[in-house]
Amino acid sequence: MDSSHCILFMDKFYWGFAIAATQNEGAYLDDGKSLSNWDAFSSNPKNIEDKTNSFVACDFYHRYKEDVALLKECGVNSFRFSINWARVIPDGRNINDKGIKFYQNLVDELLRNNIEPIITLCHWDMPECLEKQGGWLNRSLIIDAFALFTKAIINALKGKVKYIITFNEPQNIAFSGYNEGHFAPGKHLSKKEVLTVSHNILLAHGTSYRIIKEIDPNIKVSFNNCGWVAIPSDESNKALVKACYNSFFSVEPERIGDGRTMYTDPIMFGDYPKDYYEVYKDFLPDILEGDMDLIHTGMDFASVNIYQGYFMKEVNGNFVRCKENILEEYDNDLYTAKAMYYFLKFYYERYKLPILVSENGADSHDDVILDGKIHDVKRYKEIECFISYMKKAISEGVEVFGYLIWTFMDNFEWSSGYGPRMGLVAVDRNNNLNRIKKDSFYWYRDFIKGEKR
Ligand code: BGC
């Protein structure tokens with residue numbers, strides 16, 4: 001695959017990692033932090049597959065300097081992390097200086113090492129005290145609370161941070177958290193309430209966006225999106241490709257609060273898509289006058305998390321999902337590398353924004369420590385394949401300015417606990433949480449070196 005395009009904008013291209021606060025920080029009650037909704041949720045062993053919790057995670061809070069040194073060793077020039085809301089505003093109202101200090105120190109440490117900090121404000125957590133009052137369902141509480149949180153962080157980091165993503169995968173808050181209930185807060189709300197949760201997230205984004213721009217107009221702001229993309233089984237069939245585009249961008253009739261356009265269309269175009277009003281007509285949220293104007297911020301760049309796809313085919317003039325497996329060399333059922341290409345193509349076609357691949361990576365349950373080493377060849381072969389599809393999209397004109405691997409180190413994988421391992425660095429949970437660089441770590445280091453040549 002021709003990689004010249006990435007080399008072309010080498011100076012601007014971000015190769016990095018992404019992590020999230022709940023999954024990595026630990027120190028769940030240190031220095032004034034209060035319980036987050038995820039600490040509370042994971043404290044019930046019934047909610048987490050391996051009956052663990054988020055309390056210690058990778059102890060990134062205490063070990064961030066050691067970890068930044070590893071980032072440096074790997075040669076990345078960017079690092080995406082999220083802010084633990086309960087660390088910064090533990091009671092939902094008052095700023096905790098020690099919490100703020102941690103993020104200032106982390107940002108300074110990254111900048112000292114020439115690593116660009118890319119910040120997610122909300123990667124699903126919030127102080128449990130706010131969650132108890134209804135969390136994202138409580139419009140009159142949560143938008144102001146998120147505004148306060150935004151203000152505290154941007155005031156503390158202005159001039160140092162260039163990229164902010166207000167929300168990570170809102171679908172996993174609305175659908176997984178408030179509808180299906182396998183994520184915090186574990187609720188099963190009515191359809192109208194779930195759509196209200198999504199609407200309130202969008203209002204919080206709109207408010208937050210304006211605060212960020214007011215405090216530091218140089219910061220580039222985005223709102224993250226994700227999901228399974230439809231991949232044509234016959235790429236020469238134009239009508240099928242179009243059907244895949246439509247499938248990817250249609251609202252989800254069953255999975256309320258999931259879907260892509262119900263979030264990014266209002267932000268980019270100022271209204272929910274047409275099919276949102278049709279499919280959800282019986283349980284639309286209350287949309288007040290001025291709401292859509294507030295939400296309609298536009299974005300400076302797109303942040304997308306790309307992992308999976310499903311294939312579609314044409315049968316007698318109808319376009320249907322393939323049931324059989326159409327797998328490529330390094331694909332497996334979850335990680336379909338071609339998803340990278342079609343996600344980027346479709347997303348760019350619709351929103352015409354420069355794109356940051358803010359997450360992509362590979363799970364593997366077969367990481368074994370052998371003589372202090374982990375030979376996770378399968379992982380980096382898969383990642384290599386994803387990258388080659390990203391480069392194909394770039395070579396066809398899709399503007400991508402960065403690629404961040406999910407994830408830096410094995411961490412707390414939400415309700416799956418510590419079982420899934422997606423890091424390029426292992427965390428030895430039986431041995432003082434020691435960091436062990438996997439073969440994929442060295443592969444990424446050499447790959448980045450190669451890109452810079
Ligand atoms: C999330 C991460 C998660 C990853 C792998 C994304 O949905 O943003 O927090 O760990 O996927 O499951």
Side-chain angles (χ1 to χ4, degrees), residues 16-26 36-39 41-42 47-50 52-54 57-58 60 79-85 118-126 163-177 179-180 182-184 201 222-229 252 255 257-260 263-264 302-309 332-337 339-340 343 356-365 367 376 379 382-383 386 402-427 440:
F17 284 112
I19 69 161
T22 301
Q23 298 178 271
N24 291 265
E25 282 180 9
S36 76
N37 56 346
W38 266 95
D39 298 327
F41 183 74
S42 69
N47 290 332
I48 310 297
E49 243 166 72
D50 60 2
T52 55
N53 55 49
S54 56
C58 309
F60 179 71
F79 185 59
R80 173 183 174 222
F81 61 93
S82 76
I83 311 285
N84 208 318
W85 188 348
I118 298 176
I119 294 184
T120 312
L121 291 179
C122 179
H123 198 123
W124 310 345
D125 57 86
M126 71 158 66
Y163 300 96
I164 300 272
I165 298 159
T166 53
F167 284 87
N168 179 71
E169 301 185 0
Q171 297 87 346
N172 275 314
I173 302 176
F175 174 68
S176 311
N179 181 342
E180 209 188 23
H182 77 276
F183 276 10
I201 290 174
S222 186
F223 181 96
N224 176 261
N225 216 335
C226 65
W228 292 53
V229 67
E252 302 270 354
R255 299 165 61 92
D258 202 352
R260 281 137 296 283
Y263 294 99
T264 32
S303 152
V304 295
N305 300 347
I306 305 177
Y307 292 98
Q308 307 108 331
N332 61 27
D333 51 349
L334 274 182
Y335 300 98
T336 316
M340 175 64 77
F343 197 128
L356 172 69
V357 178
S358 42
E359 283 183 31
N360 170 246
D363 187 4
S364 174
H365 293 269
D367 286 353
D376 58 336
R379 172 174 293 107
E382 239 173 78
I383 292 177
F386 272 118
Y403 172 89
L404 312 180
I405 288 185
W406 187 273
T407 185
F408 175 52
M409 55 188 159
D410 294 344
N411 59 32
F412 178 67
E413 180 53 34
W414 308 108
S415 46
S416 306
Y418 294 93
R421 278 162 285 169
M422 298 188 71
L424 270 52
V425 172
V427 173
S440 54

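Values reported hereafter were calculated over all heavy atoms of this structure, with side chains retained and with hydrogens, waters and symmetry mates removed. Both counts, for ligands and for their atoms, begin at 1 and track the order of listing.
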> Between the side chain of T120 and the main-chain N/O of N168, is any donor-acceptor distance below 3.5 Å?
Replying inline: no
>> Taking 4.0 Å as the limit for heavy-atom contacts, which would you say applies to N168 with ligand 1: side chain only, backbone only, both, or neither?
In response: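 The part of N168 near ligand 1 is the side chain, not the backbone.
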>> Heavy atom to atom 5 (C) of ligand 1, shortest distance: which of H123, E359, E413 holds it?
In response: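 It is E413 that holds the nearest heavy atom.
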> Do W38 and H123 have their ring centres less than 6.0 Å from each other?
Replying inline: no
> Centres of the W228 and Y307 rings: under 6.0 Å?
Replying inline: no
>> Do R80 and L356 have side chains that approach each other closer than 4.5 Å (heavy atoms only, starting at C-beta)?
In response: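 The answer is no, as the side chains (C-beta and beyond) never meet within the 4.5 Å cut-off.
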> With atoms numbered from 1 as shown, which atoms in ligand 1 lie under 4.0 angstrom from a non-hydrogen atom of M422?
Replying inline: 5 (C)
